[in-house]
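Here is the structure we will look at.
Side chains are part of it too, since the values below use all heavy atoms of this structure and drop only hydrogens, waters and symmetry mates. What you are looking at is a predicted structure, and each value in this text was computed from that prediction instead of being measured. Numbering starts at 1 and runs along the sequence shown.
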Amino acid sequence: MNADPLARVYRWVEYAAFGRALERCRFVHLGALAGARRVLVLGEGDGRFVARLLRENHGARVEVVESSGEMVRVARARVGEDARVVWHRMDAVRGPLPEGPFDAVVTHFFLDCFSGAEAAVVVREAARRLEAGGVWVISEFCDGGRGWRGIHARAWLWVMYRFFWLTTGLRVRRLPGWQGMLEEAGLRREKRQLWRWGLLTAEVWRKGG
């Protein structure tokens, strides 16, 4: 996947499709990071989340992993030259990820870009760097379950995956089972909030001791 062609317009593409819904997902659980001092952010995109995190948590130091060079440039322009942030332009699957321990991991609309096998690698390696008691704040797309909600969600997923295939070369066609992966890595869900009839979820998971 090459997100460079979308980097400068991604925000407006997102707004056109979902309004502010994805931003609400990203920001709704910022309170879970209020006490975080070392945060690993995977797949930051255009910098909106990191900029907001730094404004609300002045003590946090953030390591960002992003594979798109153009996204990194856009994000750094939005965040500014803040010494609290270290940027890593790298593939999260191939790694290696920055070494921990981190007391928080953040992934927003990121794991849906990987196959099941690839997502499992990312979850395993990120969870290994998360200290016991640490939180994983995540926003993702969901299949909506059964009935009309599921039909609605799967229609949107079909459209989105084909859009990103055309614009970025993304080859994935379905969501990975990331909830089960987090459970297998020793995390348990503490909070969940759904939007768009089950298409979007924002969650907080915590790693056991």
Side-chain angles (χ1 to χ4, degrees), residues 1-27 39-54 62-82 85-98 105-126 136-143 153 155-178 181 195-196 199-202:
M1 175 180 178
N2 177 16
D4 286 358
L6 284 179
R8 297 192 178 276
V9 298
Y10 176 74
R11 182 177 187 176
W12 308 111
V13 171
E14 177 185 307
Y15 287 169
F18 296 104
R20 299 277 182 169
L22 270 62
E23 283 192 350
R24 288 195 291 271
C25 288
R26 293 186 186 99
F27 300 150
V39 182
L40 176 63
V41 179
L42 303 179
E44 163 57 6
D46 63 11
R48 278 173 284 165
F49 177 79
V50 168
R52 177 81 173 265
L53 173 62
L54 293 173
V62 184
E63 302 224 16
V64 179
V65 171
E66 171 59 58
S67 63
S68 166
E70 193 61 28
M71 281 290 194
V72 170
R73 283 189 284 274
V74 171
R76 292 187 72 161
R78 175 167 283 118
V79 172
E81 293 303 319
D82 194 314
V85 186
V86 178
W87 302 89
H88 303 271
R89 184 190 171 190
M90 60 183 295
D91 185 318
V93 177
R94 296 178 182 178
L97 298 179
V105 173
V106 177
T107 54
H108 292 307
F109 306 105
F110 177 65
L111 295 179
D112 53 38
C113 297
F114 299 105
S115 67
E118 292 169 334
V121 171
V122 174
V123 170
R124 182 180 67 246
E125 291 303 308
W136 190 314
V137 176
I138 181 169
S139 301
E140 270 301 349
F141 292 98
C142 299
D143 66 7
W156 267 106
L157 291 168
W158 186 91
V159 171
M160 287 188 296
Y161 273 124
R162 275 145 189 84
F163 172 78
F164 284 104
W165 169 62
L166 290 170
T167 56
T168 71
L170 180 67
R171 296 184 179 182
V172 176
R173 292 292 183 271
R174 64 181 63 184
L175 297 172
W178 53 270
M181 297 172 190
W195 282 273
R196 290 295 183 100
L199 174 63
L200 307 175
T201 185

**Request:** Would you indicate whether the side-chain heavy atoms of L22 and Y15 approach each other to under 4.5 Å?
**Result:** no
**Spacing of S68 atom OG and M1 atom CE [to the nearest 0.5 Å]** = 8.5 Å
**Prompt:** Say you draw a straight line from CG of L6 to CD of E14; how long is it, rounded to the nearest 0.5 Å?
**Reply:** 11.5 Å
**Message:** Using the rule given for side-chain contact (heavy atoms from CB on, under 4.5 Å), can you reason through I138 versus W178, listing the C-alpha separation, both sets of side-chain angles and the distance that settles it, and then say yes or no?
**Reply:** CA-CA 10 Å; I138 181 169; W178 53 270; 3.5 Å; yes
**Fill in**
When every non-hydrogen atom of P98 is compared with those of E63, the smallest separation belongs to CB-OE1, 3.4 Å
**Item:** S139 versus R26, closest heavy-atom pair with distance
**Value:** OG-N, 3.8 Å
**Request:** Verify the ring-centre separation between W156 and F18: is it less than 6.0 angstrom?
**Result:** yes
**Message:** Go through it in stages, so that I can follow the logic: the residues are V106 and L40, the test is side-chain contact (heavy atoms from CB on, under 4.5 Å), and I'd like the CA-CA distance, side-chain angles, deciding distance and then a yes or no.
**Reply:** CA-CA 6 Å; V106 177; L40 176 63; over 6 Å; no
**Request:** Check each of L53, V62, V50 against V79 using the side chain to side chain contact (heavy atoms under 4.5 Å, CB included) test, and report the only one that passes.
**Result:** V50
**Prompt:** Can you find a heavy atom in the side chain of L111 that is under 4.5 Å from one in the side chain of E140?
**Reply:** yes
**Message:** I need the L200 CG to R24 CZ distance, nearest 0.5 Å.
**Reply:** 9.0 Å
**Item:** Least distance between heavy atoms, L157 atom then D143 atom
**Value:** CD1-CA, 4.1 Å
**Asked** M71 and D46: which non-hydrogen atoms are nearest, and at how many Å?
**Response** SD-N, 3.9 Å
**Request:** Measure across P5 and T167 and return the closest heavy-atom pair with its distance rounded to 0.1 Å.
**Result:** CG-O, 3.9 Å
**Prompt:** When you measure from the side chain of T107 to the backbone N and O of F110, does any donor-acceptor pair fall under 3.5 Å?
**Reply:** no
**Side chain to side chain, V74 and Y10, heavy atoms closer than 4.5 Å** = no
**Distance (rounded to the nearest 0.5 Å) between C113 SG and L42 CG** = 12.0 Å
**Request:** Measure across V172 and F114 and return the closest heavy-atom pair with its distance rounded to 0.1 Å.
**Result:** CG2-C, 3.5 Å
**Message:** Before you tell me yes or no, could you show the steps for V137 and V105 under side-chain contact (heavy atoms from CB on, under 4.5 Å), namely the whole-Å CA-CA distance, both residues' side-chain angles and the distance that decides it to 0.1 Å?
**Reply:** CA-CA 6 Å; V137 176; V105 173; over 6 Å; no
**Asked** Taking only residues two or more places apart in sequence, or in another chain, which ones meet D4 in a salt bridge (Lys or Arg N to Asp or Glu O under 4.0 Å)?
**Response** none
**Request:** State the SG-CZ distance between C25 and F49, to the nearest 0.5 angstrom.
**Result:** 12.0 Å
**Asked** Would you call R89 and E66 a salt bridge, taking side-chain N to carboxylate O under 4.0 Å as the test?
**Response** no
**Request:** Report yes if the side chains of R76 and V85 come closer than 4.5 Å at any heavy-atom pair, otherwise no.
**Result:** no
**Item:** side-chain contact (heavy atoms from CB on, under 4.5 Å) assessment of D82 paired with L54
**Value:** CA-CA 9 Å; D82 194 314; L54 293 173; 3.8 Å; yes
**Request:** Check whether any side-chain N or O of E23 sits under 3.5 Å from a backbone N or O of R20 as a donor-acceptor pair, and report yes or no.
**Result:** no
**Request:** Can you tell me which residue pairs pass the salt bridge (charged side-chain N to carboxylate O under 4.0 Å, His left out) test with a partner in residues 159-177, sequence neighbours excluded?
**Result:** none
**Message:** Within this structure, what is the CH2-SG distance for the pair W195 and C142, rounded to the nearest 0.5 Å?
**Reply:** 11.0 Å
**Prompt:** With a 4.5 Å limit on heavy-atom distance, are the side chains of V13 and F163 in contact?
**Reply:** yes
**Message:** With a 3.5 Å distance limit and no angle check, can you tell me whether E125 reaches the backbone of P96 through a side-chain donor-acceptor pair?
**Reply:** no
